[in-house]
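Nothing fancy with the numbering, it's 1 onward along the sequence.
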Amino acid sequence: MTKIAEFDRACKALAAAILLAASGAVAAEWTGSGELGLVFARGNSDTETVNAGFELRYEQDRWTNTLKSSYLRSENEGELDASRFVISNNTLYDLTERSYLVGSARYDQDKFSSFEYQATAGLGYGYRVLDGESHTLSVEAGPGVRFSEERDSGESETKLIARGALDYAWQISETARLENALLVESGASNTFVENALSLEVAINSAMSLKTGVAVRHNTDVAAGRDNTDVLSTVNLVYSFD
């Protein structure tokens, strides 16, 4: 099977997974969204890029569970130059209207990073600083543990980490929404920082156009690899509730 065929197959599989998740979520009365962006260039350049993601959210009484996943793959002139898969799950239990406990888990696999994978799990306390109709802001902090494997050496390690998160959203108008999510996972051997900024503009009640910039930084990487990755995206989003 050629790389292009593999690429096409991955796109179709991901699209099917998003549609399946969406249909299942609707049946279970969850809320969420799926998004997809594609770039195909032919001529002087031969490039295929796909980035996709989905979010499922379920709320019941004091409990809120949010499952997120994203996928990025890019080929240039038949050579793979980006491949990343991330999945995370956060479970919140409200103590009051403002404060809550949070349990989190995240798995990150990037074929071009210094790590074969990084997986974290954490517990913490969160507080909703802003909880209005236009602005929301929540902060979280707590301890956790990280499991990782270095790509070059193959060595695995388990380290305690401190986890912090900040999520801000601004409902600019009925059709425009700005969001920024900051995540910090700091341990003795590496500190991972990710900041994702996005602007989403509704096309109709279900579809919207989303532009975003995500910056990922690892403080300790192998020689010859960059500490920081930047990803700019334009995706079509389908929301369901």
Side-chain angles (χ1 to χ4, degrees), residues 32-35 37 49-57 66-74 81-92 102-127 129 136-151 157 159-170 177-200 210-222 225-235 237:
S33 63
E35 58 185 271
T49 300
V50 58
N51 70 87
F54 72 83
E55 175 178 331
L56 298 176
R57 182 184 179 92
T66 304
L67 174 67
K68 295 182 180 180
S69 181
S70 64
Y71 175 76
L72 168 68
R73 182 181 176 89
S74 178
D81 59 13
S83 179
R84 181 191 304 158
F85 172 73
V86 181
I87 187 168
S88 65
N89 190 84
N90 281 8
T91 301
L92 277 56
V102 57
S104 65
R106 190 177 70 87
Y107 178 82
D108 186 321
Q109 186 174 45
D110 187 338
K111 289 188 176 180
F112 292 86
S113 77
S114 291
F115 302 94
E116 185 70 26
Y117 68 86
Q118 293 190 87
T120 61
L123 296 172
Y125 173 80
Y127 188 79
V129 180
T136 60
L137 173 64
S138 64
V139 293
E140 300 172 1
V145 61
R146 174 167 53 213
F147 311 92
S148 63
E149 179 182 328
E150 292 189 8
R151 185 174 304 280
E157 67 174 24
K159 296 288 186 180
L160 295 177
I161 61 170
R163 177 186 178 277
L166 184 151
D167 288 296
Y168 170 72
W170 176 21
R177 181 178 178 84
L178 179 74
E179 293 185 350
N180 191 83
L182 173 66
L183 172 65
V184 179
E185 296 172 344
S186 181
S189 59
N190 182 46
T191 294
F192 172 78
V193 181
E194 181 180 59
N195 191 82
L197 174 67
S198 65
L199 175 64
E200 189 170 338
K210 181 179 180 181
T211 61
V213 178
V215 180
R216 296 157 53 92
H217 181 81
N218 286 285
T219 57
D220 295 82
V221 299
R225 297 185 187 275
D226 294 331
N227 295 81
T228 303
D229 293 307
V230 180
L231 176 66
S232 301
T233 57
V234 178
N235 287 353
V237 180

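- E55 and S33 share no donor-acceptor pair across their side chains, judged by distance under 3.5 Å alone.
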Could you go through the side chain to side chain contact (heavy atoms under 4.5 Å, CB included) check for T228 and V215 one step at a time? CA-CA 7 Å; T228 303; V215 180; 3.7 Å; yes
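- Between atom CG of residue L183 and atom CG of residue L166 there is a gap of 10.5 Å, rounded to the nearest 0.5 Å.
- Considering OG of S88 and CG of D108, their distance stands at 10.0 Å, rounded to 0.5 Å.
- Contact check for L231 versus V213: no side-chain heavy atoms found under the 4.5 Å cut-off.
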Test side chain to side chain contact (heavy atoms under 4.5 Å, CB included) on V86 and Y107 and set out the steps. CA-CA 6 Å; V86 181; Y107 178 82; over 6 Å; no
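- Checked for salt-bridge contact, E149 and R151 miss the test: no charged N lies under 4.0 Å from a carboxylate O.
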Test side chain to side chain contact (heavy atoms under 4.5 Å, CB included) applied to N180 and W170, step by step: CA-CA 9 Å; N180 191 83; W170 176 21; over 6 Å; no
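- Every residue two or more places apart in sequence or in another chain that forms a side chain to side chain contact (heavy atoms under 4.5 Å, CB included) with A196 is listed here: A214.
- F85 places a side-chain heavy atom less than 4.5 Å from the side chain of S69.
- The side-chain hydrogen bond (donor to acceptor under 3.5 Å, both in side chains) with R106 is formed by just one residue from the set E194, Q118, E185; it is E185.
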Please step through side-chain hydrogen bond (donor to acceptor under 3.5 Å, both in side chains) for the pair T219 and N190, ending with a clear verdict. CA-CA 6 Å; T219 57; N190 182 46; 3.3 Å; yes
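- With sequence neighbours excluded, the residues forming a side-chain hydrogen bond (donor to acceptor under 3.5 Å, both in side chains) with R84 are D110, listed by chain and number.
- With a 4.5 Å cut-off on side-chain heavy atoms, V129 and V139 count as touching.
- F192 pairs with exactly one of H217, R216, R163 by the side-chain contact (heavy atoms from CB on, under 4.5 Å) rule, that one being R216.
- Atom OG of S138 is separated from atom OH of Y127 by 12.0 Å, given to the nearest 0.5 angstrom.
- Between T211 and E200 the shortest side-chain heavy-atom distance does not fall below 4.5 Å.
- Here the shortest heavy-atom pairing between S189 and K159 reads OG-CG, 4.0 Å.
- Put simply, the side chain of T120 reaches to within 4.5 Å of the side chain of I161, judged on heavy atoms.
- Atoms CZ and CG, from F112 and D226 in turn, are 12.5 Å apart once rounded to the nearest 0.5 Å.
- Considering every non-hydrogen atom in both R177 and A169, the closest pair reads NH2-CB, 3.2 Å.
- Counting heavy atoms from C-beta on, the side chains of L137 and D167 never come closer than 4.5 Å.
- Checking N218 against N227 by side-chain atom types alone, no donor-acceptor pair falls below 3.5 Å.
- Here the CZ-CZ distance, from F115 to R225, works out to 10.0 Å after rounding to the nearest 0.5 Å.
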Any chance you could lay out the side chain to side chain contact (heavy atoms under 4.5 Å, CB included) test for L92 and N90, step after step, and finish with the verdict? CA-CA 7 Å; L92 277 56; N90 281 8; 4.2 Å; yes
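- When side chains are defined from C-beta on, N51 counts as touching N235, because their heavy atoms get closer than 4.5 Å.
- By the 4.5 Å heavy-atom criterion applied to side chains, V193 and L182 are counted as neighbours.
- A donor-acceptor pair is defined here as one N or O able to donate and one able to accept, closer than 3.5 Å; such a pair exists between the side chain of S114 and the backbone of A222.
- Interatomic distance, OG of S198 versus CD of E179, reported as 5.0 Å (0.5 Å rounding).
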